[in-house]
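First the structure, in the form of structure tokens, and then the observations on it.
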Amino acid sequence: MRIAVPFIAAFACLLVASRLDVPIAGFALFVVALGLVFDGGSALFARVTSTGGMRDHRQ
């Protein structure tokens, strides 16, 4: 759920951005979609490699 939702939301943002007539709104949705893809990708990477937790960065 944590990984799939950002990718689905990014796909929805890209669909809406492709249908808009206002270039600035389309660009803003494109930037949001890129952020969501980055969020989902980093969550996927952290889950697969088991990095990024408190046990990995002890002081």
Side-chain angles (χ1 to χ4, degrees):
M1 194 78 178
R2 167 73 177 98
I3 296 169
V5 172
F7 287 122
I8 293 169
F11 181 71
C13 283
L14 288 174
L15 274 176
V16 171
S18 68
R19 307 234 188 260
L20 285 178
D21 292 332
V22 182
I24 294 177
F27 177 72
L29 280 174
F30 181 75
V31 170
V32 169
L34 287 179
L36 288 168
V37 167
F38 181 73
D39 181 45
S42 62
L44 182 65
F45 180 73
R47 185 171 182 94
V48 169
T49 60
S50 299
T51 60
M54 287 297 292
R55 65 180 180 269
D56 297 334
H57 303 289
R58 293 186 182 175
Q59 297 272 327

With rounding to the nearest 0.5 Å, note down the distance linking [atom1] in [X] to [atom2] in [Y].
X	Y	atom1	atom2	value
Leu34	Leu14	CG	CG	7.5 Å
Ile8	Cys13	CD1	SG	12.0 Å
Leu29	Leu15	CG	CG	11.0 Å

Worksheet item: Between Asp39 and Pro6, which heavy-atom pair has the shortest distance, and what is it?
Response: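 Minimum heavy-atom separation between Asp39 and Pro6: OD2-CG, 3.7 Å.
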Practice prompt. For Gly26 and Ala17, work out which heavy atoms get closest and say how close.
Written response: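 Heavy atoms only, the tightest pair is O-CB, 3.6 Å.
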Worksheet item: Does a sphere of radius 6.0 Å around CZ in Phe30 hold more than 12 heavy atoms from other residues, nucleotides or ligands, not counting ones at 6.0 Å or beyond?
Response: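 No - once you tally the heavy atoms of other residues, nucleotides and ligands closer than 6.0 Å, there are 12 at most.
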Worksheet item: Should Leu44 and Val37 be counted in the same cluster of Ile, Leu, Val, Met, Phe, Trp and Tyr side chains packed under 4.5 Å apart?
Response: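 Cluster IDs for Leu44 and Val37 match.
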